[in-house]
Trainee: 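I have a structure I would like to understand better, so I am pasting it below and will then ask my questions one at a time.
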Amino acid sequence: MIKFLTISCLAVLILIFFYVLIQIVKRKRPERISYIRRFKKGQCGIIFIPLIPLYCIGFIYAGSDFYNAFFSSIKKVIDLVVLKYDTGNITSLMKDYSLYNFTIYFSFTLVLLNALLFTYSLVCQRIWCFFQSLKSSVTKKDKLFIFGNNKENITIYKSDKKRSKVIIDDISDKDMEKLYMDSVSFISCKNHNSIINKIEKLIEKLEKSKKVEDKEYIFIINTKDDEKNIEICRSFIQVLNSVKTEVKESLFLKLRIFVFGDSQYENIYEDIIAAGSGCIHYINKYQKIAIDFIDKYPFSKFMTDEQIDYETSLIKKDIDINVFLIGFGRNNRNLFLTSVANNQFLTVGSSGPELKKIKYFIFDKDESENNKNLNHNYYRYKHEYSKLNPDEYLPLPSLPAEESYYHLNINDSNFYNQIKSIATQSMKHENFVIIAFGSDLENIDMAQKFIEKKKEWGLKNFVIFVKVKKLMKEQVLFKNEDCYFIGNEDEVVYNIEQITSDHIFKMAQMRNEVYDLEYTITSTPNNVVDEKCIQKNHYMANRNWYMKKSQRERDSSLFCCLSLRSKLNLMGLDYCKITDESEGLTEEEYLSIYAGADLPDTTKYNVTANGKKIVNYTLDFKSSRRKNMAIHEHQRWNSFMISKGFIPSSIKQILTEKIVDNEGKERFTNGKNYSIRRHGNLTTFEGLVEFREIIATRDNRPEEEKDVIKYDYQLLDDAYWLLKSNGYKIIKKID
């Protein structure tokens, strides 16, 4: 009997040992650590169960009765949990039976290993944290500091494979354990003063050591609390204000601070950016989602020669473009504003190309048009339009779109009828539905219903976009149903490359530099352009982009580049990564399609800047597709400015308004005032000619120097160079 029980208990202990070993080996790091710690916290009980009969037979062998032996065994096993090893009452059996002796010591070893594993796990956590901190301080890599311990920031942390990185927050012991399990380096602090002190020391090093300047320091501020975000930003500003001027001139290249913030506090964040010495950048996650949507899916992508005249890039006269927004919360509101500022089209008018307004049909159960940000921005021009005296202004631009609001719940019996009556007016009209009213599953469910309605109504031109936060298997199921998923936040928002190296942002910087260079050329005596002039322009444009330009000015260049795909689509073209297998066009092929006989003149200066040929612009703007696209760009710029709340400056303001610049010199503003959101160029394309004439007369200068129409040509004139420089090529569009 003793031999049978001993062998049985030993077999069970061996099975437990190998089971636990396999579980530890096969699990990934987080699950393995969690398993070991759970084992100590209660799951270890399985080890002690075989010890009860082992102790029991030892006590009986020593002369105890069964009941005494059983309860004494339980007490000994409980003592063993806290590593109180005791063989006193079972020594006689251990001496007489070597197998029993081995089994007892084997069980003791397993108990010890269990305790050591748990202790080892805790010690490893301390050692790992120490070495992560040491590694961060001595590494030669660029550094990433992320304020806020939350799942979105963990996603950002994991998306960065190049930098030394750390999460900063007041982190509880429980959260420390989770971060360690996930291999996330962290610094726990009760407040952010200690971090600000480190930043001060960092900037001191930047002032003294050239070696440190080789590193880039990136800070992400995303605590999920706007008050805390703003507090941290102000601490940064306080430090930046103490920096020497000569260091501050280049600090924005190495110290980059990105702060996430709710769009309802946009104006507060704009003030913070203005005070941030070019180092602080605001991220509105809803706008990032909208920009990604417009970049990937401009409405022109889904139109064919049934809607577009590819010879002129104009929309055919009898075509309507309808957009149905299901829900008008922060997602769809930002999508609407970004779409208005980019999805602009022209059609044939009585005296040339004219605006083809997109019709937006907005469905929401609430009166969502009553919004402080909409009233402050997009609807400002609409509210002022009727009050403006046309005699006092250059020709006023039209409103950029048509909106109709429907206060309907999706469960309302009239919901589908309203959409059907609009969408089925003509089979040639282009219809787009953007669903962003609820959770991912609610949005997907609504998309499925619209797929069925599309078939029921017999519509061909009916494209559905669904806002989802995470990738879902339904994306594959809906792939062939003209249904597209947008707004994957892990990919679009909480990704370090999207935050720091967005390709649209890069192109916008390059466009800004070219814009400044063209201005320099026209304002340089005798148009002297040499390498020294180009290098100086490069430095000043880069510096001013961060140090002087407001967020709105940078957004103007960004939205310009964002419209590039839409413009190419209207010519039957598109762009893709150079690594894509699609055959790219040569520069000559692109220019032949875009400009025809109206080619940009690059022969006058015979100078290139970063590979771009300098274009000579005259006042001879010939009728061509190239001119149509310039008119298109000006209309798009008007729409962007209106979406940001700008209104036109009067002719009197254009001619007389002055400011004192940084050098103390008084100069004309030409009606441009970003602080109160007025602009002298907010007029029609023909109005720009009048603008040029009155400014040239006022200053007694040639009209060529005062022309601004050339800037509407630049984007597509430089498109081949701009895309190639950023790793893209121009291809034929696939309808």
Trainee: If the condition is ring pair (Phe, Tyr, Trp, His ring centres under 6.0 Å), which residues does Y590 pass it with, not counting sequence neighbours?
Mentor: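 For Y590, the residues satisfying ring pair (Phe, Tyr, Trp, His ring centres under 6.0 Å) (neighbours in sequence not counted) are Y594.
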Trainee: Using ring pair (Phe, Tyr, Trp, His ring centres under 6.0 Å) as the criterion, list what pairs up with F293, not counting sequence neighbours.
Mentor: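 Only F465 meet the ring pair (Phe, Tyr, Trp, His ring centres under 6.0 Å) criterion with F293.
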Trainee: For the pair K710 and E704, find out whether any cationic side-chain nitrogen is under 4.0 Å from an anionic carboxylate oxygen.
Mentor: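 No, K710 and E704 are not salt-bridged.
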Trainee: side-chain contact (heavy atoms from CB on, under 4.5 Å) with S649: which residues, sequence neighbours excluded?
Mentor: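 With sequence neighbours excluded, S649 shows a side-chain contact (heavy atoms from CB on, under 4.5 Å) to Q653, I654, R678, given in chain and number order.
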Trainee: So does D292 pair up with K288, basic N to acidic O under 4.0 Å?
Mentor: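 Result for this pair is no, no salt bridge flagged.
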Trainee: Tell me, please, which residues at least two apart from E553 pass salt bridge (Lys or Arg N to Asp or Glu O under 4.0 Å).
Mentor: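 In terms of salt bridge (Lys or Arg N to Asp or Glu O under 4.0 Å), with neighbours along the sequence ignored, E553 is linked to no residue.
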Trainee: Do N431 and N322 get their side chains close enough for a donor-acceptor pair, meaning under 3.5 Å?
Mentor: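 Yes - a donor-acceptor pair under 3.5 Å links their side chains.
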Trainee: Sequence neighbours left out, cut at 3.5 Å: what donor-acceptor pairs do the side chains of residues 680-688 make with other protein atoms?
Mentor:
residue : atom : partner : partner atom : Å
T683    : OG1  : P395    : O            : 2.5
T684    : OG1  : G687    : N            : 3.0

Trainee: Are any of the side-chain nitrogens in R565 or D574 under 4.0 Å away from the carboxylate oxygens of its partner?
Mentor: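 Judged by the 4.0 Å cut-off on N to carboxylate O distance, R565 and D574 do form a salt bridge.
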Trainee: Any ion pair linking E430 and K316 (charged N to carboxylate O, less than 4.0 Å)?
Mentor: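 No, no charged N to carboxylate O under 4.0 Å.
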Trainee: Could you pull out all residues at least two apart from E703 that satisfy side chain to side chain donor-acceptor pair (under 3.5 Å)?
Mentor: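 So E703 forms a side chain to side chain donor-acceptor pair (under 3.5 Å) with R692.
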Trainee: Looking at R511 and D718, does any basic side-chain N land under 4.0 Å from a carboxylate oxygen?
Mentor: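 Salt bridge between R511 and D718, a charged N being under 4.0 Å from a carboxylate O: yes.
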Trainee: Please determine if K356 forms a cation-pi arrangement with F345, meaning its NZ or CZ atom is less than 6.0 Å from the six-membered ring centre and no more than 45° off the ring axis.
Mentor: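 Ring-cation test returns no.
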Trainee: Of all residues at least two apart in sequence or in a different chain, which pass the side chain to side chain donor-acceptor pair (under 3.5 Å) check with Q509?
Mentor: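 By the side chain to side chain donor-acceptor pair (under 3.5 Å) rule, Q509 matches N542, Y546.
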Trainee: Partners of E589 by side-chain contact (heavy atoms from CB on, under 4.5 Å), sequence neighbours excluded?
Mentor: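 If we apply the side-chain contact (heavy atoms from CB on, under 4.5 Å) test to E589, skipping adjacent residues, the hits are L585, T586.
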Trainee: Would R698 and F668 count as a cation-pi pair here, with the cationic atom under 6.0 angstrom from the ring centre and within 45° of the axis?
Mentor: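 Output yes; distance and angle both within limits.
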Trainee: Checking Y515 now: which residues fulfil side-chain contact (heavy atoms from CB on, under 4.5 Å) with it, not counting sequence neighbours?
Mentor: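 With neighbours one apart ignored, the set is Y711, Q714.
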Trainee: Taking side chain to side chain donor-acceptor pair (under 3.5 Å) as the definition, give me every residue that meets it alongside Y381, ordered by chain and number, with sequence neighbours left out.
Mentor: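 By the side chain to side chain donor-acceptor pair (under 3.5 Å) rule, Y381 matches no residue at all.
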Trainee: In terms of side-chain geometry, is the basic nitrogen of K254 or E216 positioned less than 4.0 Å from the acidic oxygen of its partner?
Mentor: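 Answer for the salt bridge query: no.
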Trainee: So does E633 pair up with K567, basic N to acidic O under 4.0 Å?
Mentor: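 Looking at K567 together with E633, the answer is yes, because their closest N to O distance falls below 4.0 Å.
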Trainee: Scan side-chain atoms only and decide if S650 and E392 contain a donor-acceptor pair under the 3.5 Å cut-off.
Mentor: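 E392 and S650 do not have a side-chain donor-acceptor pair below 3.5 Å.
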Trainee: Please enumerate all residues that pass side-chain contact (heavy atoms from CB on, under 4.5 Å) together with S398, with sequence neighbours excluded.
Mentor: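 L355, K357.
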Trainee: Just jot down the side chain to side chain donor-acceptor pair (under 3.5 Å) partners of Y575, sequence neighbours excluded, or say none.
Mentor: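 Counting only residues at least two positions away or on another chain, Y575 forms a side chain to side chain donor-acceptor pair (under 3.5 Å) with D295.
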